Amino acid sequence: MTIDIENGNLRILITGGAGFIGGCLIRRLLDESNAKVFNLDKISYASDLSIIQESPNNLRHFLIKVNLNDFEKTSLAIKESDPDLIFHLAAESHVDRSIENAEPFLQSNIIGTFNLLESARIHWESLSPSRKARFRFLHVSTDEVFGSLGPKGKFSENTPYDPRSPYSATKAGSDHLCNAWLHTFNLPIIRTNCSNNYGPYQFPEKLIPIIIFKALNQSTIPIYGDGTNIRDWLFVEDHIDALILAMKKGEIGANYCIGGSNEKTNLEIAEFICNFLDQKYPFNSPYSKLIKFVKDRPGHDKRYAIDSSLIMIELGWKAKNSFEEGLKKTIEWYLKNISWYESTQMRSGYKGERIGLSKNAKNN
Ligand code: NAD
């Protein structure tokens, strides 16, 4: 069955829709469908609604401020929003914060996913046969659940789980819960595991925005370890294409790996951004002079790479943005939106400091 997301007059619930990827997904749904979009989010330091508020169709967006840790409130939110489809993105998402304090990650990513699955199951069982047949629950996860690669090979849907950080362990836990609710209760679940995203509106604790803002402020650009850790980067709009396609046409029970085939070391990312800023925004010395290697992240995974063949062959997905195009668009967006960065800093209280080292190690 193909789901008509664009013209189906659907009620779509997104969890974590005030976050970076969730906001981008909601904006797309508001702009390109006639759906009513319900945004269940606890509204945390990482939340920002600007991308949604800037949509001319934002009257079809309904914010439900609920913490998934609370089963009663989660159940009520599902009952009242009465969704045809659920995209589950809410999660604590920053590895360094999970090293500093893992507990909120267990609460949101594991207990929160359990509460949502149970609420969704009760809701799904109460639907009419036609709505029941169309209902889907799409769980958005990460490639980090698969662990760390050596110099060769790629993660795929068949890679065994081997999470190594508190963040990835809790995301792995949420994936397993989804699998259990699929097989035990037949809840129609589709799962995705995506590589590192980047793009406009990403909270400035993540690698790409932090490099941009440290450079613009003429501050030290910290690169963990020797800078050779590799991530497979994907422009966020290409991830949104994949999520919508997986929801529309994905097979119930399937798991789709999504990646950009853009393997870059952290040092290459920093150098790309510095070179771009040298041309766009020249300063009296090259920005790359600000790069400094700092103490590595504990348990820092060496390399991630994704084999996206399944979603490409089965669903016809392909990333539209090359790494260079996507990163240029992103840097240009941040340059035009310095006020967004300043207000995000004010609102969240996060000023670019290092997170996730023990107190003794912080000064190294
Ligand atoms: P984000 O941190 O920018 O946003 C997460 C949102 O979830 C926030 O608005 C937060 O308030 C909300 N949230 C967290 N816990 C909640 C709870 N208990 N109840 C209600 N709301 C809660 O994250 P993101 O980068 O947009 O990532 C979204 C999802 O995609 C996550 O599940 C993440 O694991 C996954 N993912 C992210 C990436 C990436 O590179 N950013 C890559 C692959 C997968």
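What you see is a predicted model; the values in this text were computed from it and never measured. The first residue in the sequence is number 1, and the count goes up from there.
Between the side chain of N196 and the main chain of R231, no donor-acceptor pair closer than 3.5 Å is present. Remark: the backbone N or O of N39 is not paired with any side-chain donor or acceptor of D41 at under 3.5 angstrom.
T344 is linked by a side chain to side chain contact (heavy atoms under 4.5 Å, CB included) to F203, P204, W340, R347, counting only residues two or more places apart in sequence or in another chain. A search for side chain to side chain contact (heavy atoms under 4.5 Å, CB included) contacts involving K329 returns F235, N321, not counting sequence neighbours. For K351, the side chain to side chain contact (heavy atoms under 4.5 Å, CB included) criterion is met by Q345, E353, not counting sequence neighbours. By the side chain to side chain contact (heavy atoms under 4.5 Å, CB included) test, S168 is found to be paired with E144, P163, S165, residues two or more places apart in sequence or in another chain being considered.
A salt bridge links E6 with K248: at least one charged nitrogen is closer than 4.0 Å to a carboxylate oxygen. Comment: R131 engages D82 in a salt bridge, judged by a side-chain N to carboxylate O separation of less than 4.0 angstrom. Ion pairing of K132 with E125 is absent here, as no side-chain N (NZ or NE/NH1/NH2) approaches a carboxylate O to less than 4.0 Å. E92 and K42 are joined by a salt bridge, as a carboxylate oxygen and a charged side-chain nitrogen come within less than 4.0 angstrom of each other. Between D96 and R297, at least one side-chain nitrogen of the basic residue sits less than 4.0 Å from a carboxylate oxygen of the acidic one, meeting the salt-bridge criterion. Residues E237 and R28 are paired through a salt bridge, judged by an N-O separation under 4.0 Å between the basic side chain and the carboxylate. Using a cut-off of 4.0 Å between Lys/Arg side-chain N and Asp/Glu carboxylate O, D301 and R303 are scored as not salt-bridged.
Using cut-offs of 30° and 60° on the angle between ring planes, the pair F213 and Y341 is parallel. Taking the six-membered ring where tryptophan is involved, the planes of F276 and F272 are essentially parallel, since the angle between them stays under 30° and well short of 60°.
If you check the side chains of T74 and N115, you find no donor sitting under 3.5 Å from an acceptor. For the residue pair T113/H88, the side-chain donor-acceptor check at 3.5 Å is satisfied.
I86 belongs to a hydrophobic cluster with L13, F38, L40, F62, I64, V66, L68, I78, I110, F114, L116, L117, W124, L127, F135, F137, L177, W181, L182, F185, L187, I189, I252, counting contacts under 4.5 Å between side-chain heavy atoms of Ile, Leu, Val, Met, Phe, Trp and Tyr, direct or through other members. Hydrophobic clustering, defined by side-chain heavy atoms of Ile, Leu, Val, Met, Phe, Trp and Tyr closer than 4.5 Å, groups I122 together with F71.
Counting all heavy atoms, side chain and backbone alike, D31 lies closest to P56 at OD1-CD, 4.3 Å.
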Practice task
Mind running side chain to side chain donor-acceptor pair (under 3.5 Å) on Y304 and E263 for me, showing each step along the way?
Solution key: CA-CA 8 Å; Y304 304 144; E263 288 186 48; over 6 Å; no
Practice task
List the steps and the verdict of salt bridge (charged side-chain N to carboxylate O under 4.0 Å, His left out) for E314 and K249.
Solution key: CA-CA 9 Å; E314 244 185 40; K249 297 188 183 165; over 6 Å; no
